[in-house]
Amino acid sequence: MTPFRDLPIRRKLRLLTLAPTVTALLLASIGFLVWDIVIQRREIREDVQAEAQVLPENLAASITFERPDELDGMLAVLKIRPHVRHACVYNLKGELYGRFARTGEPGCPAAPPPRNAFGWNTYEVRADITYQDDKAGVFYLSRDLRDVHRRLVVGSATIVGLLLVAVAAALALAQRMQRSISEPLLDLADTARRVSASRDYSIRANSRARDEIGIVVRAFNEMLDHIADRTAELSKANTELRHEVDERTRVERDRVAALEREREANRLKDEFLATLSHELRTPMNAVLGWARVLRSTSADETTRERGLESIERNARAQARLIEDLLEVSRIVTGKLRLQVRDVDLAAIVDTAVDIVKPAALAKRLRLTVQIDVRPALTQGDPDRLQQVIWNLLSNAVKFTPPDGAVVVELTRKDGYVLTVQDSGPGIEAKFLPHVFDAFRQADASATREHGGLGLGLAIAKQLVEAHGGTIEAESAGSDRGARFEVFLPSVVERPQPAGVAVDVTRSDTVDSSLLNGVDVLVVDDDEDARLLLQMTLSRYGAAVTTVASVGEAMESIDRAVPDVLLSDIGMPHEDGYDLLRRLRARPPEHGGRIPAVAVTAYASLADRASTQAVGYQAHVAKPFEPGDVARLVRRLVELA
């Protein structure tokens, strides 16, 4: 049952109106009915007691003189009393002496009751019969109370009827009167509910009354005005706060992401520096070690050849590492330049295969080459394309275990597709998306099986994309091998005889008399570098003069103008740029137009451009190939 406090206001007002009315009417009616019944019962008692006094006096003589017939006749008078059940006369012996019984009522009891009894259904009266102050017998009268019951029923029905009429009248009156109270309150409650549901503080409750309810309604409307103003202020503040929180969240998210990237970059940097240190120190250790051995002992010819071979191999490996670093630097700074021309991709593949074939034979690898089209003419930089293919092949050979297989395929499909498939350890799925990232290696631990800086594939990807192509890596998982596919879109349609290819190879064989009669001046502050150039050029017949500074170079030129000048760039006091500026300022007969070559460890494109701008005809990056330097000197002499 719902408590009174939770009922709607209308029901409360109805109950407040009806409950007192019904309660008052009910209490008054019940009181009146009880009072009426009590009065009736008192009248019945008085009437019965009066009969119980009168009849015994009339019956005294008959019972004294034993005239029963007279008793019955006198008792028959009670027929006119419809509620008398029976009347009985008992002699002094307690025997029934005379009686009157209404039809359908039980007879007289065998003995009179000991006392009067006013019950719910009957009223029994006992009185002594006396004659001349002597007790002659006992009179007993029993009267039913059905008339009292009927009166009670009629009275109750009347009360109920009156209550219903009164309640209906009170309800109608309350319905009419409660509107002045309930309607403003209900309207106020409905307004509060709509405001709460919609958060629309422009809704207002109607206020027509001037009583306390009207004051409450007007106060409620004023409160809504204040809430609306406050809500607008809070909404504005919340919007600004939300923007600030979003901005701070974004900044924090960016900060966390940047911190994570920085941590990852630091981790990769540490791994790269550790790898770089290892990769640079390892060949340097072999170079220095064999150099000390060859100098400190009188080694036989076999040991000497073995040592020199190791020194050359490790020096080339170290040069390759440095070149990879410079290549990445050019790519990152956007200074990568391609010398694009028509080139035979099939010939480049053949050359790269020839380069890695000795390493493949040493590991007993099955190296299979399938080239569907010859010549495979395309537009590109042959040196860069050969670098890409060599990187892929060298990786395949390096990572494939002995007795494995490497398959190289070149096909034409709307362009050229080069595929390199190996049977090596494969690439894990989690590392596959990072296989072309610079400085990333699947195994960067100190116990890794294969060396390298992890730059080869990154460089290959950049070079392929610079040619407008794509490169992809696939692997079925661990120990399932890896597959690299390069697509180059450029196709040059130019008929050539079958089997003819563009030659991109070069021979390292140089005629030992190539530089006979050529005077060369070498300028370098490093004694070892001077000695190396002197020995290199002297092998090909050149007359070499070496100096250690710009001043000494100018003095040497004053004594005799050489045919070619080879100068380092980075030197103390005055560098190679100062030397050439001073030299080009001279007249031709004093060496102003001597062909000059910059031989330097500064190998970037910017360094090449700087040397050309100051007047050097060529730029050679250290370390260099002796044959290349000899041919370059010969070409400059011929062009002079």
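None of these values were measured; they are calculated from a predicted model.
Salt bridge status for D350 with R374: present, with a side-chain N to carboxylate O gap under 4.0 Å. No salt bridge links R530 with D524; every basic N to acidic carboxylate O contact stays at or beyond 4.0 Å. Taking the charged nitrogens against the carboxylate oxygens, K398 and D422 have no contact shorter than 4.0 Å, which rules out a salt bridge.
Considering only heavy atoms from C-beta on, L488 stays 4.5 Å or farther from L418 through its side chain. Contact annotation: the side chain of V408 never approaches that of I371 to less than 4.5 Å [non-hydrogen atoms, C-beta and beyond]. When side chains are defined from C-beta on, L537 counts as touching V629, because their heavy atoms get closer than 4.5 Å. A 4.5 Å side-chain heavy-atom check between L377 and D342 finds every atom pair outside the cut-off. Side-chain contact check for H619 versus D607: some heavy-atom pair is nearer than 4.5 Å. In this structure, T419 and T411 have side chains that are not in contact, with every pair of non-hydrogen atoms separated by 4.5 Å or more. Within the 4.5 Å cutoff, side-chain heavy atoms of R250 are placed close to those of E247. Within the 4.5 Å cutoff, no side-chain heavy atoms of V597 are placed close to those of S567.
Around CD of E527, the count of heavy atoms belonging to other residues, nucleotides or ligands within 6.0 Å does not exceed 12. A 6.0 Å sphere centred on CZ of R584 holds more than 12 heavy atoms belonging to other residues, nucleotides or ligands. Atom CG of D414 is surrounded by 12 or fewer heavy atoms from other residues, nucleotides or ligands within 6.0 Å.
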Could you walk me through whether R483 and E485 pass the salt bridge (Lys or Arg N to Asp or Glu O under 4.0 Å) test, one step at a time?
-> CA-CA 7 Å; R483 172 188 172 92; E485 184 176 280; 3.3 Å; yes
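Scored by the side chain to side chain contact (heavy atoms under 4.5 Å, CB included) test, E638 finds R634 as partners (sequence neighbours excluded). Under the side chain to side chain contact (heavy atoms under 4.5 Å, CB included) criterion, S549 pairs with E552, not counting sequence neighbours.
To the nearest 0.5 angstrom, M554 atom CE is 11.0 Å from H590 atom NE2. Remark: W390 CH2 to D354 CG distance equals 14.5 Å, nearest 0.5 Å.
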Please tabulate, for side-chain N and O atoms in residues 570-577, each donor-acceptor pair with protein atoms closer than 3.5 Å (sequence neighbours left out).
{"from": "E574", "atom 1": "OE1", "to": "R582", "atom 2": "NH1", "distance (Å)": "3.2"}
{"from": "E574", "atom 1": "OE2", "to": "R582", "atom 2": "NH1", "distance (Å)": "3.2"}
{"from": "D575", "atom 1": "OD1", "to": "Y577", "atom 2": "N", "distance (Å)": "3.1"}
{"from": "D575", "atom 1": "OD1", "to": "D578", "atom 2": "N", "distance (Å)": "3.0"}

